[in-house]
Amino acid sequence: MEREIKFLNQPYCSKKCGQTCLAMITGKTLEQVCSELDKYWETSISDDLQPYLENNGYKTKLVKSNKLTFEDSPNNSIIRMCFENGSGHFIVKANNKYYEPTRGIIEQLIGHFRVTHYLSFE
């Protein structure tokens with residue numbers, strides 16, 4: 001059974017996509033997540049997101065590859081997207097939808113980016 005994810009919007013012009021994804025997954029507020037991580041700007045999938053989920057009782061698995069697609073990422077995962085300029089962005093995949101913190105709930109992603117990692121959680 002899929003867990004219900006409540007969409008949260010990332011603050012405008014912030015780099016809190018990772019914290020926003022964690023808040024959507026855990027049901028905590030964005031402020032709680034930022035405070036508990038002691039991170040108010042950028043986050044790392046391996047140094048911040050994975051340990052945070054594990055410390056909150058989730059089992060995780062991190063997969064990194066240059067050949068990943070959105071379809072490779074399972075439900076209940078955080079996906080790291082990489083844009084053409086090298087910058088990254090985190091989204092949540094759950095219930096066969098993408099919870100994109102700057103846009104909303106999307107059923108299909110189209111754009112000029114690639115998937116570099118996914119972090120599954122249960």
Side-chain angles (χ1 to χ4, degrees):
M1 185 170 102
E2 293 290 328
R3 182 189 177 296
E4 185 65 33
I5 300 283
K6 181 182 176 193
F7 174 77
L8 294 175
N9 200 21
Q10 175 181 334
Y12 181 70
C13 287
S14 77
K15 292 196 173 189
K16 294 182 180 176
C17 54
Q19 296 94 322
T20 305
C21 288
L22 292 174
M24 284 191 266
I25 293 164
T26 63
K28 295 182 180 185
T29 66
L30 180 59
E31 294 77 19
Q32 281 177 293
V33 171
C34 289
S35 176
E36 291 172 4
L37 273 175
D38 196 25
K39 293 270 184 140
Y40 298 87
W41 196 242
E42 295 179 353
T43 54
S44 160
I45 197 165
S46 58
D47 295 338
D48 300 312
L49 307 185
Q50 185 173 26
Y52 186 87
L53 287 175
E54 289 176 354
N55 289 338
N56 280 273
Y58 292 84
K59 293 179 186 175
T60 67
K61 178 182 175 188
L62 181 60
V63 175
K64 177 181 178 181
S65 173
N66 290 325
K67 298 179 181 180
L68 292 172
T69 67
F70 288 103
E71 292 76 27
D72 293 330
S73 307
N75 275 313
N76 297 326
S77 64
I78 297 174
I79 299 171
R80 183 185 183 275
M81 302 166 22
C82 184
F83 297 100
E84 289 180 332
N85 67 5
S87 66
H89 182 59
F90 297 115
I91 64 172
V92 175
K93 181 178 180 182
N95 306 311
N96 294 314
K97 295 179 183 164
Y98 301 96
Y99 294 72
E100 209 283 19
T102 63
R103 305 254 189 255
I105 301 170
I106 302 169
E107 292 194 26
Q108 182 180 8
L109 288 167
I110 301 171
H112 300 286
F113 36 74
R114 58 189 171 84
V115 174
T116 60
H117 302 69
Y118 71 79
L119 176 64
S120 63
F121 58 86
E122 59 180 68

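Nearest heavy-atom pair, V33 versus Q19, reported as atom, atom and distance to 0.1 Å: CG1-O, 3.7 Å. Looking at every heavy atom in both residues, L8 comes nearest to A23 through CD1-CB, 3.5 Å.
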Side-chain donor/acceptor pairs under 3.5 Å, residues 78-90, sequence neighbours excluded:
unit_1: R80; atom_1: NH1; unit_2: T116; atom_2: OG1; d: 3.0
unit_1: N85; atom_1: OD1; unit_2: S87; atom_2: N; d: 2.9
unit_1: N85; atom_1: OD1; unit_2: S87; atom_2: OG; d: 2.7
unit_1: H89; atom_1: NE2; unit_2: E100; atom_2: OE2; d: 3.3

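Looking only at atom types and distance, the side chain of N95 has no donor-acceptor partner in the side chain of N75 under 3.5 Å away.
When the salt bridge (Lys or Arg N to Asp or Glu O under 4.0 Å) test is applied to K39, the partners found at least two apart in sequence or on another chain are D48. Residues satisfying the side chain to side chain donor-acceptor pair (under 3.5 Å) criterion with N9, sequence neighbours excluded, are absent altogether. Legend: residues meeting side chain to side chain contact (heavy atoms under 4.5 Å, CB included) with P11, ordered by chain and number and at least two apart, are S14, K16, T20, L30. Applying the side chain to side chain donor-acceptor pair (under 3.5 Å) rule to E107 yields no partners; only residues at least two apart in sequence or on another chain are considered. For the salt bridge (Lys or Arg N to Asp or Glu O under 4.0 Å) test, residues two or more places apart in sequence or in another chain that qualify with E36 are K28. By the side chain to side chain donor-acceptor pair (under 3.5 Å) test, K97 pairs with no residue at all, sequence neighbours left out. By the side chain to side chain donor-acceptor pair (under 3.5 Å) test, K15 is found to be paired with E42, residues two or more places apart in sequence or in another chain being considered. Among residues two or more places apart in sequence or in another chain, the ring pair (Phe, Tyr, Trp, His ring centres under 6.0 Å) test is passed with Y98 by F70.
Side-chain atoms of P101 and I91, non-hydrogen and from C-beta on, do get closer than 4.5 Å to each other. Annotation: side chain of S46 is in contact with side chain of L62 (closest heavy-atom distance under 4.5 Å). Within the 4.5 Å cutoff, side-chain heavy atoms of Y52 are placed close to those of T26.
Residue pairs meeting the ring pair (Phe, Tyr, Trp, His ring centres under 6.0 Å) criterion with at least one member in residues 23-44: none, sequence neighbours excluded. Pairs of residues two or more places apart, or lying in two chains, that qualify as side-chain hydrogen bond (donor to acceptor under 3.5 Å, both in side chains) and include a residue from residues 60-70 are Q50-T60, E54-T60, T69-E71, T69-D72.
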* May I have the step-by-step check of side chain to side chain contact (heavy atoms under 4.5 Å, CB included) for L37 and L22, ending in yes or no? => CA-CA 10 Å; L37 273 175; L22 292 174; 3.8 Å; yes
* For C21 and L49, run side chain to side chain contact (heavy atoms under 4.5 Å, CB included): C-alpha distance rounded to whole Å, both residues' side-chain angles, the deciding distance at 0.1 Å, then the answer. => CA-CA 9 Å; C21 288; L49 307 185; 5.8 Å; no
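In this structure, CD1 on I106 lies 11.5 Å from OH on Y99, to the nearest 0.5 angstrom. Rounding to the nearest 0.5 angstrom, the gap separating the CD1 atom in I25 from the CG atom in N76 is 8.0 Å.
With Y118 contributing its side chain and K93 its backbone, the two residues share no donor-acceptor pair below 3.5 Å.
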